[in-house]
Amino acid sequence: MKTVLWLAISRGYGAWGTLRKPLIALAAVVGLALPGATAANDGTLTISALGDSLIQGYGLPQDEGFVPVLENWLRARGHDVNVINAGVSGDTTAGGRARIDWTLADNPDALIVTLGGNDLLRGLDPAESRANLAAILEAASAAGVPVLISGMPAPGNYGPEFKRDFEGMYPELAEEYGALLYPDFLGPVSEKALSGMSLADLMQDDRIHPNAEGVRQIVEAIGPTVEALLELVDPAGGSG
């Protein structure tokens, strides 16, 4: 992840300004159909995945993004579950904060939060990112929805204090709000980058977003923590 983010920062995330608006517009149009249409059947648990392009499935066929692959992985392991794609490409933690009430309006049984990558790419103050994530966790807590928050490491480009504050906000907020923590959403990619190996087999050509194989490995790695999240859901109909 350090290598991936460093490359993105050093390149200025070149095409992003061109891509961001149409992707957000598309996500908004798709999202209008979600309330009601995505309600789980009796006995089926619903997880909403709130995030950015890593959740939305940027650059991948619809069935190869994180959400459908995770849903299939969970079902293959015997879980009766629907996973809702609440990812918007380009979203920062502020965007997630603005959408959290809408996301919770679907009455999910559990919530996955994967935000902060775009804050990092833009060099936003970690204190601002932390406040936004805290508001998201506060809203989920008030709704009685258990949360899994996934973090990510920061490169050293912005200095040691930024790195400390950015990386530290995820475990600190997880502890404060009783959320499950998955330390690095792109864990398999990060491990390979740190070992100095090529990422070509896991990443798209932009070297920012995972390809289908990268998504598969990410799901395999985070899947057991998602199963732990499901264990926090009250099978009687509420969340605990």
Side-chain angles (χ1 to χ4, degrees), residues 24 26-57 62-63 65-89 91-117 132-151 170 173-174 176-182 185 215 218-219 222-240:
I24 290 177
L26 176 61
V29 170
V30 173
L32 291 175
L34 289 179
T38 54
N41 296 324
D42 290 344
T44 303
L45 297 180
T46 300
I47 303 172
S48 285
L50 179 68
D52 50 31
S53 57
L54 297 174
I55 295 296
Q56 182 263 339
Q62 186 174 3
D63 62 347
F66 173 77
V67 167
V69 174
L70 175 63
E71 182 176 275
N72 289 337
W73 187 90
L74 291 168
R75 289 180 175 178
R77 290 174 63 86
H79 300 284
D80 186 4
V81 61
N82 288 333
V83 184
I84 297 176
N85 192 335
V88 173
S89 289
D91 233 3
T92 60
T93 55
R97 180 177 185 173
R99 294 190 294 115
I100 184 58
D101 289 340
W102 176 44
T103 301
L104 292 173
D106 282 331
N107 297 315
D109 296 291
L111 181 70
I112 297 172
V113 177
T114 303
L115 288 164
N132 291 329
L133 289 173
I136 291 170
L137 294 176
E138 183 69 33
S141 178
V145 177
V147 177
L148 186 164
I149 184 169
S150 56
Y170 294 102
L173 287 170
E176 180 178 350
Y177 288 94
L180 292 179
L181 173 68
Y182 186 74
F185 181 81
V215 169
I218 288 167
V219 167
I222 198 174
T225 309
V226 178
E227 289 184 302
L229 177 66
L230 291 175
E231 292 177 2
L232 299 179
V233 178
D234 181 357
S239 300

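Starting from 1, each residue takes its place in the sequence as its number.
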Inset, instruction - Output the distance between atom CD1 (I149) and atom OH (Y182), rounded to the nearest 0.5 Å. - result: 14.5 Å
Legend entry - With sequence neighbours excluded, residues passing side chain to side chain contact (heavy atoms under 4.5 Å, CB included) with S141: none
Legend entry - salt bridge (Lys or Arg N to Asp or Glu O under 4.0 Å) against E227, all qualifying residues, sequence neighbours excluded: R77
Inset, instruction - Name all residues meeting the ring-ring contact (aromatic ring centres under 6.0 Å, His included) criterion together with Y170; count only those two or more places apart in sequence or in a different chain, and write none if there are none. - result: F166
Inset, instruction - Kindly compute the distance separating CG (L230) from CG (L74), expressed to the nearest 0.5 Å. - result: 6.0 Å
Legend entry - Residues in salt bridge (Lys or Arg N to Asp or Glu O under 4.0 Å) contact with R97, at least two apart in sequence or another chain: none
Inset, instruction - Report the C-alpha separation of L50 and I55 in whole Å, then their side-chain angles, then the decisive distance to 0.1 Å, and conclude whether the side-chain contact (heavy atoms from CB on, under 4.5 Å) test is met. - result: CA-CA 7 Å; L50 179 68; I55 295 296; over 6 Å; no
Legend entry - Pairwise distance CG(N107) to CD1(I84) - rounded to 0.5 angstrom: 9.5 Å
Legend entry - T103-S48 side chain donor-acceptor pair, cut-off 3.5 Å: no
Inset, instruction - Check L181 against T225 and note the closest heavy-atom contact, atom names and distance. - result: O-CG2, 4.3 Å
Legend entry - For the student: nearest non-hydrogen atoms of P146 and G144, plus distance: CD-O, 3.6 Å
Legend entry - T93 side, atom OG1; N132 side, atom CG - distance, nearest 0.5 Å: 3.5 Å
Inset, instruction - Search all heavy atoms of N82 against all heavy atoms of E71 and return the closest pair with its distance. - result: CA-OE1, 3.3 Å
Legend entry - All side chain to side chain contact (heavy atoms under 4.5 Å, CB included) counterparts of V219, not counting sequence neighbours: F66, V69, L70, W73, V215
Inset, instruction - Compare every heavy atom of G96 with every heavy atom of I136, then report the nearest pair and how far apart it is. - result: CD1-C, 3.7 Å
Inset, instruction - Decide side-chain contact (heavy atoms from CB on, under 4.5 Å) for I112 and L229; before the verdict, give the C-alpha distance in whole Å, the side-chain angles of both, and the deciding distance to 0.1 Å. - result: CA-CA 9 Å; I112 297 172; L229 177 66; 4.0 Å; yes
Legend entry - Pairwise distance CD1(I100) to CG(L115) - rounded to 0.5 angstrom: 9.0 Å
Inset, instruction - List the steps and the verdict of side-chain contact (heavy atoms from CB on, under 4.5 Å) for D106 and T46. - result: CA-CA 9 Å; D106 282 331; T46 300; over 6 Å; no
Inset, instruction - Please report the shortest heavy-atom distance between V88 and Q56, naming the atom on each side. - result: N-CB, 4.1 Å
Inset, instruction - Let me see the working for D80 and R75 under salt bridge (charged side-chain N to carboxylate O under 4.0 Å, His left out), right down to the final yes or no. - result: CA-CA 6 Å; D80 186 4; R75 289 180 175 178; 5.8 Å; no
Legend entry - Check: L232 and L180 side chains under 4.5 Å, non-hydrogen atoms: yes
Legend entry - Verdict with reasoning, V226 to V81, per side-chain contact (heavy atoms from CB on, under 4.5 Å): CA-CA 11 Å; V226 178; V81 61; over 6 Å; no
Inset, instruction - Please identify each residue that fulfils side chain to side chain contact (heavy atoms under 4.5 Å, CB included) with E176, with sequence neighbours left out. - result: R130, L173
Legend entry - Distance-minimising heavy-atom pair for T114 and S150: OG1-OG, 2.7 Å
Legend entry - Close side-chain approach of I47 to L111, heavy-atom, < 4.5 Å: no
